[in-house]
Amino acid sequence: MISTAVIMSALELGFVYALVALALFLSFRILNIADMTTDGTFTLGCAVSATMAVAGHPLLALPAAMLAGAAAGAVTAALQTKFRIPSILAGIITNTGLYTVNLAVMGFSSNVNMMKTDTLFTLVKPYLGVGYKLIPSLVITVICGVLLVLFLKTRLGLSIRATGDNPDMVRASSINTAFTVTVGLCLSNALTALSGAVLAQYQKTADINLGTGMVIIGLASLIIGETLLPRGKTGLKVLGAILGSILYRFIIAIALRLDLPSECLKLISAVIVALAIGLPAIQGSFKPATKGGNDGC
Amino acid sequence: MLKITNISKTFNPGTVNEKAALTNLSLHLEKGDFVTILGSNGAGKSTLFNAIAGSFTVDSGTIRLDGQNITNMPDYKRSKVIGRMFQDPLKGTAPNMTIEENLALAYMRASSRHSPFSIITKSDRADFRERLAQLGLGLEDRMSNPVGLLSGGQRQALTLLMATLVTPKLLLLDEHTAALDPATAEKVLELTKKIVAENNITCLMITHNVSSALQLGNRTIMMKDGRIVLELDGETRQNMTTDDLLHAFHNQGVDNDRILFSAE
């Protein structure tokens with residue numbers, strides 16, 4: 001039932017979307033912010049990447065998409081920290097605005113076709129053979145994961161972690177929370193945009209609706225990962241997010257293999273997400289919650 | 001050192017909830033002063049600390065620390081030179097981060113010379129271990145444990161260490177032992193005395209315990225309705241008994257069961 005091709009494509013997509021899981025690990029788990037910018041930022045990454053690739057710069061497209069994503073994150077952060085808009089609303093506002101921005105980036109068209117365009121993947125195909133899609137996706141995600149783990153050990157990284165963990169304490173330690181929130185959201189949105197950028201080149205098309213539901217898919221991957229690797233240091237948690245994303249793609253692939261019509265995909269995703277996010281609560285009825293600062297006091 | 005001149009703060013002005021929390025309050029501290037603050041609930045003690053630490057800006061008046069006007073400085077900048085501890089042991093530490101990481105954060109106050117991308121070095125770690133050992137709680141062997149696993153007393157002792165890791169110009173202690181059991185509270189108080197004395201830190205401490213208000217430090221003030229209603233220092237303070245102080249309370253119209261009980 002599950003062919004090699006299905007496994008390969010699940011792995012490839014798993015690594016590509018894992019960047020969104022890493023982004024949400026940073027914003028949702030570390031900073032404790034449900035960043036609703038994610039959907040729009042993902043599409044922004046797709047749009048920038050596709051437009052740049054069509055213009056003949058498939059590699060430059062990736063850092064450009066990250067920069068664009070970081071800018072979107074900065075807008076959300078500014079709405080939150082300067083204008084005191086609640087974080088969820090700030091994300092939704094940016095997300096709404098991004099719809100127009102994304103259309104504009106794609107030349108006011110709702111999709112960009114890259115069938116005859118050189119992409120990151122077609123460039124490496126002569127050297128990598130069958131793995132030409134898997135290897136670049138894997139390498140990009142692993143590099144981002146390693147850099148994220150290293151970053152979180154630095155003084156700035158520690159400040160960002162503390163901002164999400166105990167804001168009272170952070171202000172008493174001479175850390176500007178507005179600054180740490182901004183850096184965190186810029187980084188997480190850069191990762192999300194990178195994911196969109198790689199995906200657009202992977203499937204040789206960008207569409208205005210590609211990002212729809214991305215925040216939920218990313219969260220599901222993250223939480224599946226946490227269920228796989230419930231405890232451990234930051235490195236293990238990042239690894240968990242990547243594994244969670246891959247497992248999520250396998251679940252989707254199996255669901256599709258069961259001859260479910262593709263129109264049902266969104267509903268299947270929603271059910272999987274609800275189950276994945278609900279799982280810790282179901283487990284919680286058997287063992288005490290691990291998250292939170294009240295233990296041991 | 002610390003010069004507070006005529007500060008006032010009214011919360012929710014112009015509404016039914018209007019509350020004058022601080023009224024023309026002035027306070028002058030010399031370097032090395034250790035002032036204990038008494039007063040019933042709602043007297044404005046914590047509001048005074050919030051004003052000094054910059055949790056809000058005062059409506060009028062000025063606050064100067066070491067000659068520098070800090071009246072309008074944001075809280076995170078003030079915390080470079082002001083250490084603060086709360087009653088709630090959960091407030092001062094990040095529970096999901098390790099002891100070592102918490103200390104590294106506290107250490108950042110002084111280390112502007114470090115790049116934001118620098119990591120905890122071996123010498124930092126050795127330094128933290130030595131300082132933790134001075135607490136005498138065995139925390140130096142648990143540096144990679146998350147702080148959430150520690151008891152309230154251990155967390156409060158760690159917070160004390162974090163607040164003083166880089167010697168602050170001013171230390172604000174807001175009933176920092178009130179949530180601990182008596183034996184642990186005694187231990188944390190002893191540590192506080194030791195650290196404050198060793199580093200000659202200027203310190204303000206809110207307490208509800210009349211006897212420790214008289215025993216600790218060199219000055220005592222009493223607050224009521226956002227004002228300082230009684231100031232004790234020198235010989236008057238030395239000759240003061242807890243009973244005298246309780247009488248003073250009654251004369252000021254301060255009636256507080258918590259204070260009365262704590263005088264036992």
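Chain identifiers are assigned alphabetically (A, B, ...) following the order of the sequence lines, protein sequences preceding nucleic acid strands; residue numbering begins at 1 within each chain. Note that the structure is a prediction, hence the values are computed from the model and not measured. Heavy atoms only: backbone and side chains are in, while hydrogens, waters and symmetry mates are out.
For the salt bridge (Lys or Arg N to Asp or Glu O under 4.0 Å) with Glu101(B), the lone residue among Lys233(A), Arg155(A), Arg161(A), Lys153(A) that qualifies is Arg161(A).
Asn189(A) and Thr37(A) are not linked by any side-chain donor-acceptor pair at a separation below 3.5 angstrom, with hydrogens and angles left out of the test.
In this structure, no portion of Met85(B) lies under 4.5 Å from any heavy atom of chain A. Residue contact with chain A, scored on non-hydrogen atoms closer than 4.5 Å, involves the backbone and the side chain of Lys91(B) alike.
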Distance-only criterion, 3.5 Å: show the donor-acceptor pairs between side-chain atoms of residues 164-174 of chain B and protein atoms not counting sequence neighbours.
| unit_1 | atom_1 | unit_2 | atom_2 | d |
| --- | --- | --- | --- | --- |
| Thr164(B) | OG1 | Leu160(B) | O | 2.8 |
| Thr164(B) | OG1 | Leu161(B) | O | 3.4 |
| Lys169(B) | NZ | Asp66(B) | OD2 | 3.4 |
| Asp174(B) | OD2 | Ser46(B) | OG | 2.9 |

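For the options Asp168(A), Asn176(A), Leu156(A), heavy-atom pairs under 4.5 Å to chain B are most numerous at Asn176(A).
Between Glu190(B) and Lys187(B) there is no salt bridge, since no side-chain N of the basic residue sits under 4.0 Å from a carboxylate O of the acidic one.
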